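First comes the structure, then the notes that go with it.
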Amino acid sequence: MAEKTKRNRLTPRLPRGFVDREAGDIRASEEMLAAIRRVYERYGFEPVETPFFEYTEALGKFLPDQDRPNEGVFSLQDDDEAWLSLRYDLTAPLARYVAENYERLPKPYRSYRAGWVFRNEKPGPGRFRQFMQFDADTVGTPPGPAGVAADAEICMMAADVMEALGIARGDYVIKVNNRKVLDGIMEAIGLGGEENAGRRLTVLRAIDKLDRLGIEGVRELLGEGRKDESGDFTKGAGLGTDQVATLMEFLERAFKAAADVNATVASGVAFNNEIDQAYFLQPGTGSFYDSDLCVEGHNELEGIRGLVRAAGYGMDRIQIDPSVVRGLEYYTGPVFEAQLTFEVPNEKGEPVVFGSVGGGGRYDGLVGRFRGEDTPATGFSLGVSRLASALKNLGKLGAGEETGPVVVTVMDKSRLADYQKITADLRAGLNAEGGPVVPVEMYLGGSGMKAQLKYADRRNAPCAVIAGSDEFDAGKVQVKDLLEGKRRAAAFDSHEDYKDERPGQFEVARGDLVEEVRALLARQRGAS
RNA sequence: GCGAACGUAGCUCAGUUGGUUAGAGCGUCGGAUUGUGGAUCCGAAGGUCGGUGGUUCGAGCCCACCCGUUCGUACCA
């Protein structure tokens with residue numbers, strides 16, 4: 001019978017790619033969210049919240065086909081047969097919200113929101129099917145100088161967020177690029193037009209891999225393709241020699257400029273116009289750089305550069321970097337990426353750069369899908385979980401163990417009312433209005449004294465309150481300082497002595513209990 | 001998605017060429033201590049050996065498929 005029950009018992013199983021979050025994680029991420037929120041608020045952004053589900057077409061995904069309705073996203077069919085999907089980012093839902101409420105909203109509309117997003121894809125270490133993003137976007141700034149200013153503001157705000165989270169200047173960098181530059185070059189080498197969209201995508205993907213594969217790897221991917229060490233072959237863009245040469249010329253030049261910037265920053269110089277501008281090309285040289293798109297892209301980048309430098313943000317915080325590709329589909333202009341530059345040991349102990357924790361850019365077409373005309377928009381999205389693990393690595397998060405509750409032990413079960421009164425007095429007396437929370441609880445389990453103290457210990461309680469008939473008769477209470485007791489425990493090797501001495505424990509009058517515990521907690525805070 | 005490796009107690013792992021009842025350390029719980037968290041000693045619980053099917057007199061070990069984890073690669077709004 002018992003065996004049978006056991007056999008049929010369900011195994012508790014967390015679905016793959018999802019995580020349970022425990023007290024420490026939740027407190028840490030709430031702290032982070034509050035810090036990020038303060039920065040966004042300072043820039044005049046206001047919160048908005050949209051639901052987890054959207055109509056699938058609103059997310060910009062093709063309608064799921066019957067065979068694989070959940071490719072990439074989690075989708076289900078409503079009872080009116082319409083397809084719904086869990087949102088996979090916060091940008092597409094924002095575009096829907098803005099388009100739907102366009103007439104009511106002040107333009108430009110600045111908003112921020114934090115929320116869970118879902119992706120139905122292969123999970124891995126640090127990669128989940130549900131994770132949190134924290135976005136800020138400006139919608140409706142007209143093109144031209146105002147639009148460039150909106151982009152610059154997003155970059156500066158991203159930098160401010162990093163520092164608000166305690167990430168030191170130099171440990172992060174906000175990188176900026178412009179899709180128009182690469183698009184212009186690709187156009188110039190004959191990759192323009194609808195029929196080349198696929199190849200353009202392949203080229204962008206190849207460039208995106210530069211940090212991992214190096215310049216030669218990218219060259220292979222632009223041409224025939226590349227075979228990796230596992231023998232797997234990745235098909236390349238199939239470009240001709242001249243086309244590859246042109247792209248590589250641009251890349252090498254751009255990376256030389258980026259390397260110079262890094263070297264300058266490393267030497268402690270954050271402002272140097274000449275080095276800062278080396279990436280920018282002089283028009284009229286007769287090269288592919290004269291493509292209209294390219295020039296436009298460069299002008300926008302130069303505009304952003306000028307604004308952030310004028311505002312005091314140097315190359316150590318915001319950099320132009322031609323390898324930032326990002327968002328292969330909907331970005332239409334400037335793109336941003338927040339990178340952490342410090343190294344952390346991986347599981348093999350090798351140092352690796354932490355890398356990207358967020359990104360964004362200009363997406364002028366996204367709101368327009370609902371409105372029939374382009375609506376300029378620019379924004380930024382932070383990966384909260386990745387940032388959290390980065391901060392943990394820096395020791396900026398979850399450093400101190402949370403102090404547990406004051407535990408009122410129960411020795412005599414016939415006097416529960418008395419223990420409850422003690423608990424209530426402590427709870428009321430230790431928790432001033434608007435002050436920090438001091439948790440107080442009465443032990444609610446069924447075990448004896450020994451187990452109750454073990455429980456208090458495991459809860460990381462600062463102290464326990466003990467009272468039996470002796471104490472009640474005398475109008476006294478025992479207060480046990482668990483931290484002090486723990487510290488002194490090592491000095492005992494006989495349990496008898498340990499028990500007789502009761503290190504950290506003292507007796508107080510019932511009427512003084514709240515005051516005594518308050519003083520004890522203050523002493524502990526002072527000592528730590 | 002493709003390729004590879006791995007999967008034994010809550011955790012870290014041992015388990016011989018296929019051979020009887022699958023072990024250890026740590027952790028958990030109980031006792032020594034009916035009113036006191038540590039240390040020490042004693043004891044106990046805890047396993048569908050990832051799952052299903054097969055080969056065999058006999059499978060933790062061999063084979064097939066599935067699930068899961070990890071690594072590489074692709075994708076990443």
Side-chain angles (χ1 to χ4, degrees), chain A residues 3-4 6-9 11-17 59-62 68 71-73 85 87-93 95 117-125 127 129 131 133 201-202 205-206 208-209 212-213 217 221 225-235 325-331 346-348 356 359-361 363 366 381 383 404 407 409-412 447-461 463-471 478-505:
Chain A
E3 199 172 320
K4 185 146 202 162
K6 197 169 164 180
R7 201 169 196 84
N8 296 339
R9 189 160 62 186
T11 352
R13 232 160 52 103
L14 189 60
R16 78 197 185 100
L59 295 180
K61 265 306 216 204
F62 293 100
R68 314 178 72 177
E71 182 71 9
V73 298
S85 294
R87 62 189 182 191
Y88 52 76
D89 68 12
L90 297 177
T91 309
V117 301
F118 303 83
R119 294 186 188 178
N120 189 8
E121 52 190 28
K122 187 176 95 173
R127 227 176 116 139
R129 296 205 288 175
F131 56 96
Q133 294 191 330
L201 208 58
T202 310
R205 284 173 186 163
D208 199 30
K209 294 191 180 96
R212 194 158 46 84
L213 300 181
L221 283 176
R226 176 174 177 278
K227 189 181 277 191
D228 64 57
E229 64 260 37
S230 77
D232 218 31
F233 184 75
T234 310
K235 198 172 181 313
V325 177
R326 285 203 78 84
L328 300 166
E329 278 174 43
Y330 61 57
Y331 290 122
N346 64 8
E347 43 307 324
K348 289 172 196 156
S356 170
Y363 50 98
L366 213 47
S381 173
V407 174
T409 59
V410 173
M411 191 172 296
D412 179 352
S447 305
M449 188 78 310
K450 185 181 169 74
Q452 297 191 30
L453 285 168
K454 272 190 152 172
Y455 168 82
D457 198 35
R458 181 179 289 192
R459 289 294 306 276
N460 201 24
C463 68
V465 173
I466 302 167
S469 52
D470 295 350
E471 285 80 7
Q478 302 285 336
V479 177
K480 193 178 186 70
D481 180 341
L482 293 174
L483 304 188
E484 168 75 4
K486 181 178 286 178
R487 227 183 46 237
R488 284 171 50 195
F492 297 88
D493 36 63
S494 141
H495 192 72
E496 290 298 318
D497 295 346
Y498 173 68
K499 219 178 67 173
D500 290 345
E501 169 91 17
R502 293 180 175 168
Q505 185 167 333

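Every value quoted in this text rests on a predicted model; they were computed, and no experiment measured them. Residue numbers start from 1 in every chain, and the chains themselves are labelled A, B, ... in the order their sequence lines are given, proteins ahead of strands.
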A/Asp470 atom CG is separated from B/G35 atom P, nearest whole Å, by 11 Å

For a quick test of reading the model: is some side-chain N or O of A/Arg212 closer than 4.0 Å to OP1 or OP2 of B/A74? yes

Does B/C76 have OP1 or OP2 under 4.0 Å away from a side-chain N or O of A/Arg205? yes

For the pair made of CZ in A/Phe118 and P in B/C76, what is the distance, rounded to whole Å? 22 Å

Has A/Arg119 got a side-chain atom pairing as donor or acceptor with A/Tyr88's backbone, closer than 3.5 angstrom? yes

Pairwise P distance, B/A45 and B/G25 [rounded to whole Å]: 15 Å

Less than 5.5 Å between centroids and less than 30° between ring planes, does A/His495 satisfy that with B/U40? no

Let me spell it out: for each of A/Ser447 and A/Lys480, pick the nucleotide of RNA chain B with the closest heavy atom. Which residue's pick is nearer the 5' end? A/Ser447

When the P atoms of B/G58 and B/C66 are compared, how many Å lie between them, rounded to an integer? 27 Å

Taking only side-chain N and O atoms of A/Arg502, does any of them lie within less than 4.0 angstrom of OP1 or OP2 on B/G35? no

So if I take every side-chain heavy atom of A/Leu453 and compare against B/G37, B/U70, B/A77, which nucleotide ends up nearest? B/G37

Of A/Gly485 and A/Gly17, the one whose closest nucleotide on RNA chain B sits nearer the 5' end is A/Gly485

I'd like to know if the side chain of A/Glu471 and the backbone of A/Gly468 have a donor-acceptor N/O pair within less than 3.5 Å. yes

Need the pair for B/G25. Rule: Watson-Crick or G-U wobble, both distances under 3.5 Å, any strand; none if unpaired. B/C11

Aromatic ring of A/Tyr498 stacked on base six-ring of B/A39, 5.5 Å, 30°: no

Give a yes or no on whether the backbone of A/Arg87 and the side-chain of A/Ser85 come within a donor-acceptor separation of less than 3.5 Å. no

Within the structure shown, what part of the strands sits under 4.0 Å from A/Glu471 by heavy-atom distance: base, sugar-phosphate, or nothing? base

Determine the Euclidean distance between corresponding P atoms of B/A39 and B/U28; express it in Å to zero decimal places. 9 Å

Hey, does A/Arg458 reach any base, or is it just sugar-phosphate, or nothing, if we go heavy atoms under 4.0 Å? sugar-phosphate

Counting only Watson-Crick pairs (N1-N3 plus N6-O4 or O6-N4) and G-U wobbles (N1-O2, O6-N3), all under 3.5 Å, who is the partner of B/C75? none

Quick check against the 3.5 Å criterion: does A/Arg129 have a side-chain atom that pairs as donor or acceptor with the backbone of A/Arg16? yes

For A/Gln505, report the nucleic acid contact type (base, sugar-phosphate, nothing); a contact means any heavy atom under 4.0 Å. base

Ignoring backbone atoms, establish whether A/Lys450 has a side-chain N or O less than 4.0 Å from OP1 or OP2 of B/G37. yes

Atom pair distance, as rounded to whole Å: CG in A/Asp481 and P in B/G38: 16 Å

Considering just the side-chain nitrogens and oxygens of A/Lys227, establish if one lies under 4.0 Å of OP1 or OP2 belonging to B/G72. no

Establish, with yes or no, whether the OP1 or OP2 oxygen of B/C75 is under 4.0 angstrom from a side-chain nitrogen or oxygen of A/Lys209. yes

What contact category does A/Ser469 fall into here, base, sugar-phosphate, or nothing, at under 4.0 angstrom with non-hydrogen atoms? base

Can you measure from CZ (A/Arg205) to OG1 (A/Thr234) and round to the nearest 0.5 angstrom? 11.5 Å

Mind checking if A/Pro125 touches a base, just sugar-phosphate, or nothing, with heavy atoms under 4.0 Å? sugar-phosphate

Please determine, for B/U69, whether a Watson-Crick or G-U wobble partner exists with both distances under 3.5 Å, and give it or none. B/A5

Quick check for you: among B/C67, B/A77, B/G37, whose closest atom lies nearest to any side-chain atom of A/Arg119? B/A77

Euclidean distance for C1', B/G46 against B/G35 (whole angstrom): 31 Å

Measure CD/A/Glu501 against P/B/U36 and give the value in whole Å, please. 16 Å

Is A/Asp457 salt-bridged to A/Lys486, cutoff N-O under 4.0 Å? yes

Rounded to whole angstroms, how far apart are NZ on A/Lys486 and P on B/A39? 11 Å

Under 3.5 Å donor-acceptor, A/Gln133 side chain and A/Val117 backbone: no

Separation of A/Met449 atom CE from B/G30 atom C1', in whole Å? 17 Å

Expressed as a whole number of Å, how far does the P atom of B/A9 sit from that of B/G60? 15 Å

Does A/Asp89 reach a base, just sugar-phosphate, or nothing at all? Heavy atoms under 4.0 Å. sugar-phosphate

For B/C41, which nucleotide is its Watson-Crick or G-U wobble mate, given both distances must be under 3.5 Å? B/G31

Please tell me which of the listed nucleotides, B/U73, B/G35, B/G38, lies nearest to the side chain of A/Ile466? B/G35

Both distances under 3.5 Å, Watson-Crick or G-U wobble: report the partner of B/C61, or none. none

Provide the distance between the two P atoms, one in B/C29 and one in B/A64, to the nearest whole Å. 44 Å

Integer-rounded Å distance: B/U34 P and A/Met411 CE: 12 Å

Any donor-acceptor pair under 3.5 Å linking the side chain of A/Ser447 with the backbone of A/Gln452? no

In whole angstrom, give me the gap between the C1' atoms of B/C49 and B/U21. 15 Å

Can you check the A/Lys499 NZ to B/U40 P distance for me, whole Å? 18 Å

Nearest heavy-atom contact between A/Met411 and A/Met449 is CE-SD, 3.4 Å

Among the candidates B/U69, B/G35, B/G37, find the nucleotide nearest to the side-chain atoms of A/Arg16. B/U69

Inter-nucleotide P distance (B/U16, B/G50), Å rounded: 14 Å

Using a 4.0 Å heavy-atom cut-off, does A/Tyr330 contact any base of the nucleic acid, only the sugar-phosphate backbone, or nothing at all? sugar-phosphate

